2 protein chains.
Amino acid sequence: MVTLRDVARVAGVSLATASRAMSDAPHVSAANREQVARAAESLGYRPHPAARALTTGSTGTVGLVVPDLANPFFAAVAKGVQARARETGRDVLVADTDEDVAVEPDVITRLGDRVDGLVLCSPRLPADALGPLLAAAGGPVALVNRETPDAPSVSFDIADGVRQALDHLRALGHDVVAYAGGPRTSWSDGERRTALGALAGDTVLDLGSFRPTHGGGVQAADLALAAGATAVLCFNDLVALGVLARLHARGVATPADVSVVGFDDVAAASLVTPALTTVAVPLARAGRTAVDLLGAASAPPDHRRLPVELVVRSSTAPAPPTPVQPDPRTTVPRTADPEVVIR
Amino acid sequence: MVTLRDVARVAGVSLATASRAMSDAPHVSAANREQVARAAESLGYRPHPAARALTTGSTGTVGLVVPDLANPFFAAVAKGVQARARETGRDVLVADTDEDVAVEPDVITRLGDRVDGLVLCSPRLPADALGPLLAAAGGPVALVNRETPDAPSVSFDIADGVRQALDHLRALGHDVVAYAGGPRTSWSDGERRTALGALAGDTVLDLGSFRPTHGGGVQAADLALAAGATAVLCFNDLVALGVLARLHARGVATPADVSVVGFDDVAAASLVTPALTTVAVPLARAGRTAVDLLGAASAPPDHRRLPVELVVRSSTAPAPPTPVQPDPRTTVPRTADPEVVIR
DNA sequence: TTGTAAGCGTTATCAG
DNA sequence: CTGATAACGCTTACAA
């Protein structure tokens with residue numbers, strides 16, 4: 001291994017000068033600076049990250065905590081975090097909690113020790129559990145897709161997304177739209193519900209809370225049908241895809257009989273048939289922004305709300321004259337609470 | 001910050017003893033071991049990763065390099081890597097090369113300095129570029145989804161997967177099956193082609209090479225139709241999904257008119273309609289295995305080939321009596337080489 | 001079994 | 001502008 005000491009020797013300068021030259025600090029003669037650069041180059045010198053971290057206290061690393069890397073939502077955020085970190089010369093340490101909120105404290109503490117800042121993507125964590133976590137990180141934290149007064153965050157203009165979706169649906173003649181909600185502890189589900197209440201009041205049909213997955217969607221679809229809905233707005237695209245699949249399976253046509261709108265605009269949304277109308281949120285950009293927020297701590301914390309945009313595709317159409325009457329044999333009864341406990 | 005020195009002081013022992021006790025090394029009296037543990041606990045001591053790395057030379061970190069975190073294939077591998085690393089007390093540093101093979105040397109060099117070992121997932125890198133990269137890593141490397149004599153690897157029993165798919169299709173009466181291939185530089189495409197040649201010889205219709213994406217699939221679908229194929233085996237699920245979508249768009253029924261088989265069994269495969277018949281490969285397990293391979297260097301390098309399994313769903317059915325005759329208006333001409341250059 | 005002390009590779013302080 | 005030298009927190013001979 002070639003150390004800075006070697007570089008200094010070859011360049012004919014002291015260790016200190018070599019160090020200054022490498023980190024292009026002031027107080028180095030042009031000549032020496034040149035010598036050192038040359039020596040470093042020829043020796044193939046690469047600074048030792050751990051040694052640097054030990055003295056400077058900064059690791060050149062940002063941490064990212066997500067519930068599930070295989071979920072396209074988080075994968076997209078991860079891409080953004082990764083890209084921005086790389087651009088700014090940092091690396092990213094990822095932790096996938098496998099949707100297990102209980103392990104987050106450990107994961108965050110552990111990661112927190114090894115990074116300069118932490119991007120935390122924990123949509124399902126109850127609000128009151130957030131404070132201790134921020135403390136456990138022991139360093140700057142930026143939240144993605146949720147807000148709290150105690151830390152900077154980047155989220156999306158959900159209210160506007162809901163408005164756009166609702167306007168679209170109403171313009172198509174859907175007077176009452178059903179909402180297939182997400183987990184109760186989800187901050188962003190709360191946002192959607194609040195917006196829905198403010199914008200649609202009693203003309204929104206609450207189907208309940210579902211797991212934010214394809215399976216949650218099939219569950220919701222049956223409920224929507226039973227309720228005679230002509231349009232269903234979904235918590236996210238995964239749910240919407242499930243709704244689409246279930247509708248198809250039960251022989252109801254989309255968008256002819258019922259329109260479906262998703263949220264997020266995950267890659268699969270545009271690949272499915274019919275292509276999903278959905279509220280596109282800038283996931284990767286959120287990841288990038290979160291990384292930037294890590295640097296600039298401010299009081300009060302900076303809260304960025306990224307704009308969203310409805311992407312109209314093929315899963316929405318004018319409301320049918322009369323709602324479909326699904327085949328009753330496949331109708332599933334409405335359970336008291338369709339929410340499945342999130343681990 | 002609480003250091004080991006603090007712990008030692010509180011425990012009433014020397015720094016060395018505290019160190020030994022913490023890393024439960026031998027030569028520590030039970031009493032002292034206890035004292036130290038107690039002190040560490042009460043002080044909330046956590047070892048400083050950089051300091052430890054500096055002295056021991058090991059970082060407790062494994063690196064993962066993938067072309068695209070948002071690609072479900074790599075996301076699944078990443079999950080496996082992450083899970084296994086965590087189980088063994090290590091963290092994961094990820095790098096997403098954004099499908100740009102040119103940046104890999106830099107990324108690998110940079111990451112290589114910060115990790116104890118590198119899991120490299122670089123399916124499209126030309127074989128002759130691999131050697132230098134392994135050197136650049138400057139430490140143990142495990143390859144995923146490709147083999148080379150110079151490094152341990154974990155790949156899949158592709159030949160057997162092809163055999164299973166072919167057997168399935170033949171049993172359904174498809175005598176000649178079309179193959180929608182992947183990038184020419186892809187090791188795993190080579191494997192598929194070799195297996196296809198050995199198993200099906202001249203009864204396989206080579207449609208060419210396509211980008212391993214949905215778009216590549218729509219391209220392939222047109223070619224398959226023009227060739228009058230009744231079954232198409234695809235390089236991967238993304239391509240298969242594209243084929244399915246394009247077939248649907250052109251009004252040909254799947255599986256009634258043409259059967260489609262994918263490869264990988266990515267999550268979306270089971271969610272689409274019709275659900276995709278595909279060769280399931282244990283992606284996450286591959287990631288885990290790769291991490292394990294990092295530890296145990298052996299000469300010659302260990303090459304693990306994981307078993308695969310055809311998952312029969314709804315995109316395959318008995319061959320129709322006569323191949324479909326697609327509407328000629330939408331038929332695209334066969335280009336000289338449909339392969340799109342991979343960046 | 002325990003403690004002292006010598007590093008690990010860098011950065012930073014402080015005299016020259 | 002430059003060079004010794006003291007940290008940074010931890011591990012590990014080497015002594016005791």
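Sequence lines set the chain letters: A, B, ... in the order given, protein chains first and strands last, and positions in each chain run from 1. Values in this document were obtained by computation on a predicted structure and should not be read as measured data.
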Residues which pass side-chain hydrogen bond (donor to acceptor under 3.5 Å, both in side chains) with Thr97(B), listed by chain and number, not counting sequence neighbours: none
Backbone of Gly182(A) reached by a side-chain donor or acceptor of Asp189(A) within 3.5 Å: yes
Pair listing, side-chain hydrogen bond (donor to acceptor under 3.5 Å, both in side chains) test, anchored in residues 78-95 of chain A, at least two apart: Lys79(A)-Asp68(B), Lys79(A)-Asp96(B), Lys79(A)-Asp98(B), Arg84(A)-Glu87(A), Arg84(A)-Asp292(A), Glu87(A)-Arg288(A), Thr88(A)-Arg90(A), Asp91(A)-Arg110(B), Asp91(A)-Arg114(B)
Positions of residues 105-116 of chain B (non-hydrogen atom under 4.0 Å from DNA chain D), listed by number: none
Heavy-atom check, side chain of Glu104(B) versus side chain of Val107(B), under 4.5 Å: no
Donor-acceptor pair, side chain of Ser153(B) and main chain of His303(B), under 3.5 angstrom: no
Thr17(A) vs dG3(D): side-chain N/O to OP1/OP2 distance below 4.0 Å: yes
Value rounded to 0.5 Å, distance of CG in Leu118(B) from CD1 in Ile108(B): 6.0 Å
Partners passing salt bridge (charged side-chain N to carboxylate O under 4.0 Å, His left out) against Glu147(A) (at least two apart in sequence or in another chain): Arg305(A)
Close residues, residues 1-15 of chain B, relative to DNA chain C [heavy-atom separation under 4.0 Å]: Val13(B), Ser14(B)
Short side-chain to backbone donor-acceptor contact, Thr289(B) and Arg285(B), under 3.5 Å: yes
Rounded distance (nearest 0.5 Å) linking atom CG of Leu125(B) with atom CG of Leu120(B): 7.5 Å
N/O to N/O distances under 3.5 Å, protein versus nucleotides 13-16 of chain C:
none

The helix from dT1(C)-dA16(D) to dG16(C)-dC1(D): angle between end helix axes, five pairs per end, rounded to 10 degrees: 40°
Whether Asn71(B) side chain and Phe73(B) backbone form a donor-acceptor pair below 3.5 Å: yes
Donor-acceptor pair, side chain of Thr148(B) and main chain of Ala151(B), under 3.5 angstrom: no
Side chain Thr56(B), main chain Arg52(B), donor-acceptor under 3.5 Å: yes
Between Thr59(B) and Asp116(B), a side-chain donor and acceptor under 3.5 Å: yes
Contacts of Glu41(B) that satisfy side-chain hydrogen bond (donor to acceptor under 3.5 Å, both in side chains) - sequence neighbours left out: none
Nearest-angstrom distance from the residue atom CG of Leu54(A) to P of dT10(C): 12 Å
Within residues 42-49 of chain B: residues closer than 4.0 Å to DNA chain D (heavy atoms): Tyr45(B), Pro47(B), His48(B)
Report all side-chain donor-acceptor pairs from residues 127-134 of chain B shorter than 3.5 Å, counting only partners two or more places apart or in another chain.
none

Any Arg52(B) side-chain N or O less than 4.0 Å from OP1/OP2 of dC10(D): no
Sugar-phosphate only, base, or nothing, as touched by Ser19(A) at under 4.0 Å among non-hydrogen atoms: base
For DNA chain C, the residues among residues 24-37 of chain B that have a non-hydrogen atom under 4.0 Å from it: His27(B), Val28(B), Ser29(B), Asn32(B)
Test side-chain contact (heavy atoms from CB on, under 4.5 Å) applied to Thr109(B) - qualifying residues, sequence neighbours left out: Arg46(A), Ala136(B)
Whether Asp106(A) side chain and Val103(A) backbone form a donor-acceptor pair below 3.5 Å: no
Distance, nearest 0.5 Å, that separates CE of Met22(A) from OH of Tyr45(A): 6.0 Å
